[in-house]
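Here's the structure we're looking at; comments come further down.
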Amino acid sequence: AIRKIVQDNFPSHAFLGEETAETTGGIEEMQAQEGWLWVVDPIDGTTNFASGQPMSAVSIGVAKDGQLRVGVIYEPFRDELFTAQVERGAFLNGQSIRVS
């Protein structure tokens, strides 16, 4: 579902997910390319998710010309959405967060 949304809205962007990692040469090769790259792990913590343990998340990163620009992590068990963007900061459910 995430891949289709990305392709429908950003058809020129590259996509790297678990299904495509083996056929594209992996993250290092994809990062070396110019342009936009979406890196998606639809269930980070698959084993935990499959066994009902509340420790998994959806992770999305977006890079341009090999540099990570945006990161998003959604943890559904706590309904926590972490977002970060270069030069804009990091947020948890829309509220600014900082390292202590």
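What you see below is based on every heavy atom in this structure, not just the backbone, and it leaves out hydrogens, waters and symmetry mates. Positions are given from 1 along the sequence.
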For [X] and [Y], which heavy atoms make the closest approach, and how far apart are they?
X: Arg69; Y: Lys64; value: CG-N, 3.8 Å
X: Ser56; Y: Ile43; value: CB-CG2, 4.4 Å
X: Ser59; Y: Ile73; value: OG-CG1, 4.1 Å
X: Gly66; Y: Ala63; value: C-CB, 4.5 Å

| said: Rounded at 0.5 Å granularity, tell me how far OG1 in Thr47 sits from CE in Met55. | reply: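 Nearest 0.5 Å value for the OG1-CE distance: 10.5 Å.
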| request: Please list, chain by chain and in numerical order, all residues satisfying salt bridge (Lys or Arg N to Asp or Glu O under 4.0 Å) with Arg78, sequence neighbours excluded. | output: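 If we apply the salt bridge (Lys or Arg N to Asp or Glu O under 4.0 Å) test to Arg78, skipping adjacent residues, the hits are Glu75.
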Check: residues 80-100 side-chain donor-acceptor pairs under 3.5 Å, at least two apart:
residue : atom : partner : partner atom : Å
Asn93   : OD1  : Leu81   : N            : 2.8
Asn93   : ND2  : Asp79   : O            : 3.4

Only distances under 3.5 Å count here; give the side-chain donor-acceptor pairs of residues 5-14 to other protein atoms, sequence neighbours excluded, each with its distance to 0.1 Å.
residue : atom : partner : partner atom : Å
Asp8    : OD1  : Lys4    : NZ           : 3.4
Asp8    : OD2  : Lys4    : NZ           : 2.8
Asn9    : ND2  : Ile5    : O            : 2.8
His13   : ND1  : Trp38   : NE1          : 2.9

| message | Side-chain heavy atoms nearer than 4.5 Å, only ILVMFWY residues, links allowed to pass through others: does that put Val62 and Val40 together? | response |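 They do share one cluster, since a chain of ILVMFWY contacts under 4.5 Å joins Val62 to Val40.
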